[in-house]
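Numbered from 1 within each chain, the chains take letters A, B, ... in sequence-line order. All heavy atoms count here, side chains included; hydrogens, waters and symmetry mates do not. Because the structure is a prediction, the values reported are computed rather than measured.
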Amino acid sequence: MKNFKRYLVTAALPYANGPLHIGHLAGVYIPADIYVRYLRLKKQDVLYICGSDEHGVPITLRARKEGTTPQQVVDQYHSIIEKSFQEFGISFDIYSRTSKPVHHQTASEFFKTIHEKNGFIEKTSEQYYDSEANQFLADRYIIGTCPRCANENAYGDQCEKCGTSLSPTELINPRSAISGTAPILKETSHWYLPLDEWEPFLKKWILEEHKEWKPNVYGQCKSWLDAGLLPRAVSRDLDWGVPVPLANAGSKVLYVWFDAPIGYISATKELTPDWEKYWKSEDTRLIHFIGKDNIVFHCIVFPAMLKAEGSYILPDNVPANEFLNLENEKISTSRNWAVWLHEYLADFPQRQDVLRYTLTSIAPETSDNDFTWKNFQEKNNNELVAMLGNFINRVVVLTNKYYNGNTPELGIPDAKDLEVINTLEQFKTNVEKLIEEFHFRDAQREAMNIARLGNKYLAETEPWRIFKENPEKVATILNICIQITANLSIILEPFLPFTVEKIRKILNIGTFEWNAIGSHTLVPTGHKIDAAPELLFSKIEDAEIEKQIEKLQLSKMSNAPIVPQFPPVKENIAYTDFEKLDIRIGTILEAQKVPKADKLLQFLVDSGVDKRTIVSGLALHYTPEQMVGKKVTFIANLEPRKIKGIESHGMILTAESPDGKLALLAPESEIQNGSLVK
RNA sequence: UGCGGGGUGGAGCAGUUGGUAGCUCGUUGGGCUCAUAACCCAAAGGUCGUAUGUUCGAGUCAUGCCCCCGCUACCA
């Protein structure tokens, strides 16, 4: 490995479109914070950079919906997010934001440099344009009927009802989200970053030179690289973002994924005039902490940008985490299925470290993981209270009881004492190794083992029993216990910064550097400790946990719409329009799954006049066996169409509820096949 | 469907280059009483998703299949 002189650590820029939840913390900000705090204790030169990502279409949409401006939206969330980070002790050197002038300037220059090097290609394409509002429409600004599920309010990039991803041109009856008018297709040109040209470089750099990256990251990159890269547009027609810094650019801005990672650079620039030392010296180790949704940007796109610009270093590692679930369900902002950080602190004031500890212990390092309130309670009660808090409390009580709070003399340690003293140093080596490999879960557990060692030492030496006959021995034991506690105050700092602060107060000591771990002379003989300190942790009762679980249940219920959101009734049609439809009753003769498709079933239907094949997306609701023999209603004169290579002659009718349940339509009493529906 | 990740005692996870399967919590039994009924010791509990194969030997390598997650495809 290279010999690095300094570290530059970035954590994914949170999108200023909503508050933070435990998933953000567990996946990105706590791991990065542990890493950085560790490096600082090691007296390494390190910067920890983050900020709000404030551009992009969703923010403009939210502003429009709330009748406010994009700037007001990002101002609101930026301050909520920043406050949450502060409260949880996420120790950024700077928390900036991409709406700042320094960012606009940095991103512009970045773009200009690549442009001057002919690093972009310019391409013209047809995009939807709102001629009333005089602007091009981003995919999300186009609303229309989903070609799949007929939802009339599908967005141009995705239908939120059936989940399919779309392109704007697929929408039926597209209309502009701004003026409501039908948009027209108009030519526009954009700049593209030719990722394909960087492919050979990226392949060598990642696949050959960074085999040490985590399997999930390496695998994902390999998958993208093997599939082949395509040029990616770096600009958009939008009025919120960093303007494209070219004379002929018109009202175009940099695409948000292009400007966001540059935010790391501009924040560093804002922080220190020395920023180039961190971004442009080969002996800086750049590390991006992100979630798995961001792998492709940080491992493929951003490095290609940096390389195209030419003067920057590339990340040495990108330790991406998987996702955290909540009570066995995916965390969802829109469904309000989340533990929001600001709400947590309101319910559990002063308990930042309990959440930090729990989240670290279940960090989704190798696969998705699950947060449950029960587990949170167990971790607090069994590990923080019973093991760590209790050990330190025992030491304090014993020292106060036998020595009035004065650290007794070490005296002459016997073999057992020496063994304990010598073990301390091993913890340092072990935790160090684990942190440097980004195994924070294990690192935290190993650090906590020191408290375990302390409890065991007390149980084996039993100072309370031998005090009368052998006070010197007790002095040795308690001296060592105090040294163990002082060691804890160092080794736990990356994980439990608030607790460590309290431990220092209890022992009445200052801070030590990392390399002091293992020393048994941290606290001098005669040093006075706190006589009646508060407890480090307190139990969390069942009632508190039940309250949280109820709260989640409530949000679940409020998510299930009491008045279901049905689409509005469509425009009136003439009876002659209806007459064009040939709807009939038929019987399913045969049914089978369509191979290589999850949702499709293939049927042979007796329509009364013929036997025909119909393919239908029912596989998630009915098995082939259930379907055989059923009477169904179907459209008989729909233009035949090939689905997965099978020609389908008609469409089986179902009713669909707002939550996606399907029910077949069948005649209420026995009637012949071929009977017309009208 | 294609690609990627994961599938290890009740729960959550480790298992480096193949050599007797570990950790935390929980459970059961015992010990201790300085401590927030906390702590310490011991025990029970796994044919490592599944089937073949490579090997003297496989959780660890290869291939097929099954299940879960993400992206992707399919819903006239």
- Item | Short side-chain N/O contact to B:C25 OP1/OP2 from A:K374, under 4.0 Å | no
- Apply side chain to side chain donor-acceptor pair (under 3.5 Å) to the pair A:E322 and A:N216, showing each step before the final yes or no. CA-CA 8 Å; A:E322 301 286 300; A:N216 57 340; 2.8 Å; yes
- Item | Phosphate-side-chain proximity, A:N382 and B:U24, N/O vs OP1/OP2 below 4.0 Å | no
- Note on the structure: Pairing partner of B:A42, by Watson-Crick or G-U wobble and under 3.5 Å for both distances, is B:U28
- Message: Taking only the P atom of each, what is the distance from B:G5 to B:U63 in whole angstrom?
- Response: 13 Å
Under 3.5 Å between N/O atoms: give me all the protein pairs with nucleotides 8-12 of chain B, atom names plus distance.
| unit_1 | atom_1 | unit_2 | atom_2 | d |
| --- | --- | --- | --- | --- |
| B:G12 | O3' | A:N369 | OD1 | 3.0 |

- Task: Would you mind telling me which of A:L488, A:N449, A:N487 makes a side-chain contact (heavy atoms from CB on, under 4.5 Å) with A:F427?
- Result: A:N449
- Message: Can you classify the ring geometry of A:F467 versus A:Y403 as parallel (below 30°), tilted (30 to 60°) or perpendicular (above 60°)?
- Response: perpendicular
- Assess whether side chain to side chain donor-acceptor pair (under 3.5 Å) is satisfied between A:N380 and A:Q377, documenting all intermediate values. CA-CA 5 Å; A:N380 179 73; A:Q377 182 193 24; over 6 Å; no
- Distance, C1' atom - from B:C23 to B:C48, rounded to whole angstrom: 15 Å
- Task: Between B:U52 and B:A58, how far apart are the P atoms? Round to whole Å, please.
- Result: 13 Å
- When the P atoms of B:U8 and B:U60 are considered, how many whole Å apart are they? 13 Å
- Step by step, would you call A:S648 with A:R612 a side chain to side chain donor-acceptor pair (under 3.5 Å)? CA-CA 8 Å; A:S648 178; A:R612 57 173 73 203; over 6 Å; no
- Item | Student check: side-chain heavy atoms of A:I614 and A:L604 closer than 4.5 Å | no
- Using the P atom on both, measure B:C65 against B:C74 and round to a whole Å. 23 Å
- Does B:G59 have a Watson-Crick or wobble partner in any strand here, with both distances under 3.5 angstrom, and which is it? none
Below 3.5 Å is the cut-off: list the nitrogen or oxygen pairs between protein and nucleotides 62-65 of chain B, distance only.
none

- Task: In whole angstrom, give me the gap between the C1' atoms of B:A11 and B:G7.
- Result: 15 Å
- What's the closest nucleotide to the A:E378 side chain, out of B:A14, B:C32, B:C25? B:C25
- Message: Nearest whole Å is fine: how far is B:U24 C1' from A:L388 CG?
- Response: 15 Å
- Task: Using atom CZ of A:F427 as one end and atom P of B:C23 as the other, report the distance to the nearest whole Å.
- Result: 14 Å
- Option from A:N393, A:L496, A:I392, A:L384 for which side-chain contact (heavy atoms from CB on, under 4.5 Å) with A:L536 holds: A:I392
- Query: If the P atom of B:G53 is compared with that of B:G59, how far apart are they to the nearest Å?
  - Reply: 15 Å
- Item | Distance in angstrom units between A:R452 CZ and B:C40 P, rounded | 7 Å
- Residues in side chain to side chain contact (heavy atoms under 4.5 Å, CB included) with A:A591, at least two apart? A:I588, A:F603, A:P624, A:M627, A:V628
- Separation of B:C13 C1' from A:E437 CD (nearest whole Å): 16 Å
- Message: Need one value for A:E383: base, sugar-phosphate or nothing, where a base atom within 4.0 Å counts as base even if backbone is also close, heavy atoms only.
- Response: sugar-phosphate
- Query: Between the side chains of A:E383 and A:Y357, is a donor N or O closer than 3.5 angstrom to an acceptor N or O?
  - Reply: yes
- Query: Under the ring pair (Phe, Tyr, Trp, His ring centres under 6.0 Å) test, which residues partner A:F348, sequence neighbours left out?
  - Reply: A:Y344, A:W373, A:F376
- Query: How far, in whole Å, is B:C61 from B:G19 if one measures between their P atoms?
  - Reply: 11 Å
- Message: Could you tell me if A:K214 sits above the aromatic ring of A:F438, with its cationic atom closer than 6.0 Å to the ring centre and no more than 45 degrees from the axis?
- Response: no
- Between A:T476 and A:N479, is any side-chain donor less than 3.5 angstrom from a side-chain acceptor? no
- For A:F537, report the nucleic acid contact type (base, sugar-phosphate, nothing); a contact means any heavy atom under 4.0 Å. base
- Item | A:F297 vs A:W257, side chain to side chain contact (heavy atoms under 4.5 Å, CB included): CA-CA, chis, key distance, verdict | CA-CA 8 Å; A:F297 291 118; A:W257 66 255; 3.6 Å; yes
- Query: Taking OP1 and OP2 of B:C41, is either one under 4.0 Å from a side-chain nitrogen or oxygen of A:K456?
  - Reply: yes
- Task: Would you mind reporting whether A:E460 and A:K416 have side-chain heavy atoms less than 4.5 Å apart?
- Result: yes
- Message: Return whichever of A:R465 or A:S616 has its heavy-atom-nearest nucleotide of RNA chain B closer to the 5' end.
- Response: A:R465
- Atom CD of A:E436 and atom P of B:U16: how far apart are they, to the nearest Å? 20 Å
- Message: Could you identify the nucleotide paired to B:C65, looking across every strand shown and requiring Watson-Crick or G-U wobble geometry with both distances under 3.5 Å?
- Response: B:G49
- Answer with base, sugar-phosphate or nothing: what part of the nucleic acid does A:N390 contact at a heavy-atom distance below 4.0 Å? base
- Using atom NZ of A:K433 as one end and atom C1' of B:G15 as the other, report the distance to the nearest whole Å. 12 Å
- For A:L458 and B:U33, what is the distance between atoms CG and P respectively, to the nearest whole Å? 14 Å
- Task: Report the distance from atom CG of A:L359 to atom P of B:C13, rounded to the nearest whole Å.
- Result: 14 Å
- Query: When you check the phosphate oxygens OP1 and OP2 of B:G70, does a side-chain N or O of A:K330 lie under 4.0 Å from one of them?
  - Reply: yes
- Query: Which of these passes side-chain contact (heavy atoms from CB on, under 4.5 Å) with A:L492: A:L388, A:D353, A:T499?
  - Reply: A:L388
Could you write out each protein N or O paired with an N or O of nucleotides 3-6 of chain B at a distance under 3.5 Å?
| unit_1 | atom_1 | unit_2 | atom_2 | d |
| --- | --- | --- | --- | --- |
| B:C3 | O2' | A:S223 | OG | 2.6 |
| B:G5 | O2' | A:T366 | O | 3.3 |

- Message: Would you call the rings of A:Y35 and A:F289 parallel, tilted or perpendicular, taking 30° and 60° as the class edges?
- Response: tilted
- Item | Neighbours of RNA chain B within residues 392-404 of chain A, by heavy-atom distance under 4.0 Å | A:N393, A:R394, A:V397, A:L398, A:K401
